[in-house]
Amino acid sequence: MGLHLSEQEIVRRNSLAELYQLGINPYPQAAFEVTTNSKAILEGFEQKPEDFQQLRIAGRIMSRRIMGAASFVELQDAAGRIQLYVKRDDLCPEDDKTLYNTVFKHLLDIGDIIGVSGFVFKTKMGEITIHVQSLTVLSKSLRPLPIVKEKDGQYYDAFTDPEQRYRMRYVDLIVNEGVKETFIRRTKVINSMRNFFNEHGYLEVETPILQPIPGGAAARPFITHHNALNIPLYLRIANELYLKRLIVGGFDGVYEFAKDFRNEGMDRTHNPEFTVMEIYVAYKDYLWMMDFTETMLERVALEVTGHTTVMINDTELHFQRPFKRVKILDAIKEHTGFDISHMSEAELLDTCRKLGIETDPSMGRGKLIDTIFGEKCEHHFIQPTFIIDYPVEMSPLCKRHREDPTLTERFELFVNGKEIANAYTELNDPIDQRARFEEQLKLSERGDDEAMLIDHDFLRALEFGMPPTSGLGIGIDRLVMLLTGQTSIQEVLLFPQMRPEKLRKTITPQEFIEAGVSSEWAAHLLQAGYTTVEALKNEPPTIIQQKMNAYRKKNKIDIPALQIETIEKWIHPD
RNA sequence: GAUUUGUUAGCUCAGCCGGUAGAGCAUUUGCCUUUUAAGCAAAGGGUCCCGGGUUCGAAUCCCGGACAAAUCACCA
């Protein structure tokens, strides 16, 4: 694969070579021990300047202001940025000024990683700055970094193209302030939840990602193949059925932060792989789980943001408990005017038609109700709201309602118009569970490709007896979006799924020469757009002649004009 | 998947009704010992996303394609 380098990349490679010539290893093996970081200096210098008289720090050069024999550098480390003051005669006290004049001024660039030692002082402008006494090259950067400048909160030349930011997250993290903070906060959310569960004595477990039956949710799975067993395996769409097997096995409470995979559309709220936390607790019901969920979320919001109020898109979201509780059928009645509680499938179809909701023959009663709720109600629930008591057809793994057997003991938590949690009083009646699975099978036969499959081992587990249990699943990505004020899931995933990047395949001039092309033309052909030998051989010689001679004229190349016979020799060397 | 918009220098973007491709930052070369979007002077840097068409002439108009974003639909 050839390298098509920009001018700036060539300059940097030349600098790299010069560093080697000066006996400087631009990628040294030795550790560079640091004694502090940018944040500690900025926060601590005013109080105790005596603590900052001899220190070592390392980071990336983000900007340089060179004024002859003195320079200022912005150095970025993991904690932030700090200014360096580099003075020629302090860096090079002897006669040899190479380190400053050549290495620092010419061979180092924005993006390079260096380590320095020195002492802290304050400039005339009042900025806390490190006066550099020695400098070590730690890593030479061969690609120019996007230069983002900032003044008074105003950003100039910001690196904002989402595609580039997500594809090159490393660059995004380097140049865009705040991106790192989002991901630190993501980890804090997860840690906060984990601590909460552990304090309650629940056990974090791991369950299979490769599953022979993709169960526990209604979704299209990814399929793969196991060679040794010669069977298909599915990437999990949920871990519910495994966690419940563990409750059968006698654990009081188990939870897992799980990557799930769903082979569906991608947009600003959906990524093919996403993170869900599922927890199952024995001897509890969904009423207990609602209290538990509220308590947890209030605490997570407080721990992570410092408040129970979160701003998103000019909307204040209040996470202080208790959250509102609304029965789904009441919600539908309120927002559509229809009381669907005792409607048959035919009547529901009719209602959908009246509401202008599209249906198709594969949709059963549960899916119809779900669709009505999704279309007409969901977006109304901005403040955290539990939607409760779903119809039994929508919830094949959930226990029937203690007061109404057509309903189930289920809640979903909606925040900002989006579902972020789903919980049940779990169905532990193996007879009923088998019947519900069989209902799903019928849906599947009608063409619903999201209907659940029967998991016989799971039924066998239930037949051994599962204690009354309540389970909860929370979409971690969406929760993190809420708690970081982001409106797209890609902003809270370090590496969101992207369409594969099309790398332009180019060759070197040498490969052209090896294929028979005259050496003086090889580089020019490449420059003119012939990036493969194939492309050249597929073009009629007259066209090549025209193109290359036009190119020769335009670029004022000092070699004789290209002749047809020459091109014929390239294409047919014999 | 549909609709709309976009793709021009390393980055952010101009480029009108078709007539030799522009700016700022970055880069290179000078000058400058407390600057801070450092400054001053000069220079280099382009497959105007790709392929066709119209035209004497296309970055610009038309058609097709690729990729992206936003909105909508489906799913968490």
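To find a chain, count down the sequence lines: A is the first, B the second, and so on, and within it residues start at 1.
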Each nucleotide N or O in nucleotides 37-39 of chain B that has a protein N or O under 3.5 Å away: list the pair and distance.
residue : atom : partner   : partner atom : Å
rA37(B) : OP1  : Lys151(A) : NZ           : 3.3
rA38(B) : OP1  : Lys149(A) : NZ           : 2.4
rA38(B) : OP2  : Arg65(A)  : NH1          : 2.8
rA38(B) : N6   : Ile66(A)  : O            : 2.7

Please write out the pairs of protein N or O atoms and N or O atoms of nucleotides 1-7 of chain B separated by less than 3.5 Å, giving the distance to one decimal.
none

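In this structure, Arg268(A) reaches the sugar-phosphate backbone alone: every heavy-atom distance under 4.0 Å involves primed, P, OP1 or OP2 atoms, never a base. Using a 4.0 Å heavy-atom cutoff across all strands shown, Ala219(A) reaches no nucleic acid atom at all. Among the atoms of the strands shown, none is found under 4.0 Å from any heavy atom of Asp90(A). Using a 4.0 Å heavy-atom distance criterion, His131(A) is classed as making no nucleic acid contact. Using a 4.0 Å heavy-atom cutoff across all strands shown, Asp267(A) reaches at least one base atom of the nucleic acid. Residue contacts shown for Asp89(A) include a base, since a base heavy atom lies under 4.0 Å away. Nucleic acid contact class of Phe121(A) (heavy atoms, under 4.0 Å, all strands): base.
The side chain to side chain donor-acceptor pair (under 3.5 Å) test applied to Asp161(A) returns no partner, not counting sequence neighbours. Glu294(A) is linked by a side-chain contact (heavy atoms from CB on, under 4.5 Å) to Asp291(A), Arg321(A), Pro322(A), Phe323(A), Arg325(A), Phe386(A), counting only residues two or more places apart in sequence or in another chain. For His380(A), the ring pair (Phe, Tyr, Trp, His ring centres under 6.0 Å) partners two or more places apart in sequence, or in a different chain, are His335(A). Thr98(A) is linked by a side chain to side chain donor-acceptor pair (under 3.5 Å) to Asp96(A), counting only residues two or more places apart in sequence or in another chain. Looking at residues two or more places apart in sequence or on another chain, you find a side-chain contact (heavy atoms from CB on, under 4.5 Å) between Met125(A) and Thr123(A). Residues meeting the ring pair (Phe, Tyr, Trp, His ring centres under 6.0 Å) test with Phe72(A), sequence neighbours left out: Tyr85(A). Every residue meeting the side-chain contact (heavy atoms from CB on, under 4.5 Å) condition with Gln133(A), not counting sequence neighbours, appears here in chain and number order: Gln54(A), Phe119(A).
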Begin with the C-alpha distance, continue with both residues' side-chain angles, and end with the deciding distance and a verdict on side chain to side chain contact (heavy atoms under 4.5 Å, CB included) for Ile387(A) and Phe373(A). CA-CA 10 Å; Ile387(A) 302 298; Phe373(A) 180 78; 3.7 Å; yes

How would you summarise protein contacts on nucleotides 40-45 of chain B per nucleotide, using B for base, S for sugar-phosphate only and - for none, with heavy-atom distances below 4.0 Å? ----BS

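Taking a pair as Watson-Crick or G-U wobble with both distances under 3.5 Å, RNA chain B forms stems of 3 or more consecutive pairs at B:1-7 with B:66-72, B:10-13 with B:22-25, B:27-31 with B:39-43, B:49-53 with B:61-65.
Anti is the conformation of rC49(B), whose glycosidic angle sits further than 90° from 0.
Between the side chain of Arg88(A) and the backbone N or O of Lys97(A) there is no donor-acceptor pair closer than 3.5 Å.
Applying side-chain contact (heavy atoms from CB on, under 4.5 Å) to Phe411(A) and the options Ile388(A), Val326(A), Thr385(A), Asp389(A) leaves one that passes, Ile388(A).
A donor-acceptor pair shorter than 3.5 Å cannot be found between the side chains of Glu491(A) and Thr182(A).
For the segment residues 368-386 of chain A, residues with any heavy atom less than 4.0 angstrom from an atom of RNA chain B are, sorted by number, Glu375(A).
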